[in-house]
Each structure stands twice: as C-alpha cells, then as structure tokens.
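What you see below is based on every heavy atom in this structure, not just the backbone, and it leaves out hydrogens, waters and symmetry mates. When a ligand or atom number is given, it counts from 1 through the structure's own listing order.
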Amino acid sequence: MSKNGWYRLGTAALLVSLLVFTCGCGIFSSVAVGEADAHEEENANLVVVGFSQIGSESVWRTTNTVSVQEALTKENGYFLIFNNARQKQENQIKALRSFISQRVDYIVFSPVTENGWDTVLEEAREAGIPVILLDRMVNVEDASLYTTWIGSDMEEEGRKAGRWLEQYLKIANRQKEDINIIMLQGTLGSSPQRGRSSGFMEIANKYINWHILDQRSGDFTIAKGKEVMEQILERYEDIDVVVSQNDDMTFGAIEAIEESGRSVGRDGDILLLSFDAVRDALRLVEEGKIAVDVECNPEQGKYLAEVIGMLERGEKVEKAYVVEERVFTKENVSGYMNSRTY
Ligand code: GZL
C-alpha cells in the first residue's frame, strides 16, 4: 500500500511494516476525559477514539500530541477524547477505564512504563474495544491484549549512537584510549529507556576500554537532566562522553556542564550523544555542541489515522509499524533544518 507518501514494506516473518511518511504539525487543543459525551447525536457517526497521552515532559511529547490531535479531527471523521496523564501510570489506567465506560471505538495510549497493564487491557478486551499502542510498548504475557503498536525501534536507536561513537573514535585515532562514558537515562522502565540503553550497550560491550562510569535517570526532562548532570559532574573528574537519552535532558546537561567550567563538543571536554532530533537540538548539532542526534520521529498521528482507517474497513493490520529514522551530525544536519516541522 502506498498513500500520502508512506509505504508498507514488510515480510510476514518479521511482522513489521516499515513506513516512510511526511507529516505536518498543528494547533494544541485537548478535551479532558468525561467533559464531552462522545455519543451525542451530532457525533453519532464519528469514530470515537480515547487517547491517553503520557504527559508533556518534552518537545518530543508535545509534538507527538499535536500530530495525533491534528490527524484525528472531526473533519476527518473522528471524535477524540484526550487525556494527559502527567507522567503517572495510575492516571493512564483511570483514563483507559473511563474510555471503556464511555464505550469508545478505539483506545490509543503511549504507556509511560512497560509493566502493569495486563488487567486494564483485559478489561478493554472484555469490552470489545481494540487497543492501539502509540510510541512506547507494554510488557504483557498475552500480546493479543493490543491490536497493533506504532513507534520507533528503540534498540536500533541505541545501536546507532554506539556505532557513531565507534566510527568517531576510529577516525580520531582514539580507539585504544580509555573512554569514560555517562548515560543519562530516560524514565526508568520505559521502552525508550530500556531500548536505547540495551542498543548502546550492545556496541559498548565490544570494547573493554569503554567504561560506563554511571547511569542515572533524568526522566526525559530538562530540569531533571540538569540536576542529575550536576551531581555527576561533582563526582567524576574525567568524563569523555555523555549519552543522553533525549534532547530535553541534553539541554539540561549542557547547562550543567558549561556552568561547571567544562565544554561540550568534538573539540571540547565532553562529547554529547543525544536522541529525538528536535529542531533546537539540531541547531546545537550545527553549532558542534551535540556531536550526534539520533532521530526518534514523534509525528505518528497521520500514521495512526491510516491504521484506524484500515481497521474500520475490516482490513488486516500488522502487529507492529516501525517508522524510518535518521542520524544527524554536523556533516549532514544543515540539509534538513528547513524541512524540520518540530
Ligand atoms: C520516544 C519517546 C520519548 C522521547 C522523549 O519514543 O517515548 O519520550 O525520546 C519523550 O523525548 O519524553
């Protein structure tokens, strides 16, 4: 299938469809759960979708929200009930139960962490409501508890960062040096934190001279990223690399590093590897402050609408849809700056 510039390439064995697509970005708005009756007369023919979003912890997250709200509009045939869980799993579970009691047609959610969803997903299944996972993944015994997952290959994102460092050290003729590495982790137990950590470690474990000095969670936010980086800088004198699992923590880490009198960049004291590739971070890649930024594409709304459309038409959907993503460095970033929508 190819529509709106994205393609489905998948083999049954992999059960993964690779889609390349382009999206736009719109105005932020939300309807809290319970404020509107999705089954009022005027909305009777709309596809009612309950969407539990993790929160608004990062630029990535707010972009992800906008992409869904812009795709699932009334004009496009949807009635969207949106809930912001403010980073709490119990708020997401409450929202999912509210969607079930409102008899929505679909539940969509990005699980803040992977565990603890079996019971509420069983309740959704008993209610006959399909569940679509967006962005993050759940860890459940029975994969039939959700219909499909749309997101990024987080392990591969971690490997991409590791491969870049491997290549960089080779070109800089530093592959024999002791390399002291700090990992700023995202929300512990979330699929991006687990995936990016395991993917990077798959590469790091090949080198006895790569030393992971410390790993601490900055919870994907600027403030926590700065706070944790300050603690780490007080404790460790000799840091060569910081692997920061999202750009917001990277922004905080740069502030802390520079306030400590040290510098970031390929010619600085500390090399920064980051994830997400939001526009403000790509500007820092252009300036040389961030050495590499591994893209994680938040614009999944259009993609979600396509999958719901397939389900509405009774078409078979894959168990997983993975978007294609790039790696940005000083060498290639300028060519993309004008086309970035977030
Ligand atoms: C990744 C997404 C992560 C982003 C962060 O798919 O879940 O959560 O990397 C966001 O910016 O907070």
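Annotation: salt bridge (Lys or Arg N to Asp or Glu O under 4.0 Å) contacts of Arg283 (sequence neighbours excluded): Asp280.
Geometrically, Arg326 does not engage Phe328 in a cation-pi contact, judged by NZ or CZ lying under 6.0 Å from the ring centre and within 45° of the ring axis.
Salt bridge Glu155/Arg196: absent, no basic N to carboxylate O contact under 4.0 Å.
If you look at ligand 1, the protein residues with a non-hydrogen atom under 4.0 Å away are Glu57, Ser58, Trp60, Arg61, Asp135, Arg136, Met154, Pro192, Arg196, Phe220, Asn246, Asp276, Cys296.
No side-chain N or O of Asp247 forms a donor-acceptor pair with one of Thr250 less than 3.5 Å apart.
Under the ring-ring contact (aromatic ring centres under 6.0 Å, His included) criterion, no residue pair touches residues 217-269, with sequence neighbours excluded. Residue pairs meeting the ring-ring contact (aromatic ring centres under 6.0 Å, His included) criterion with at least one partner in residues 144-184, sequence neighbours excluded, are Trp164-Tyr168.
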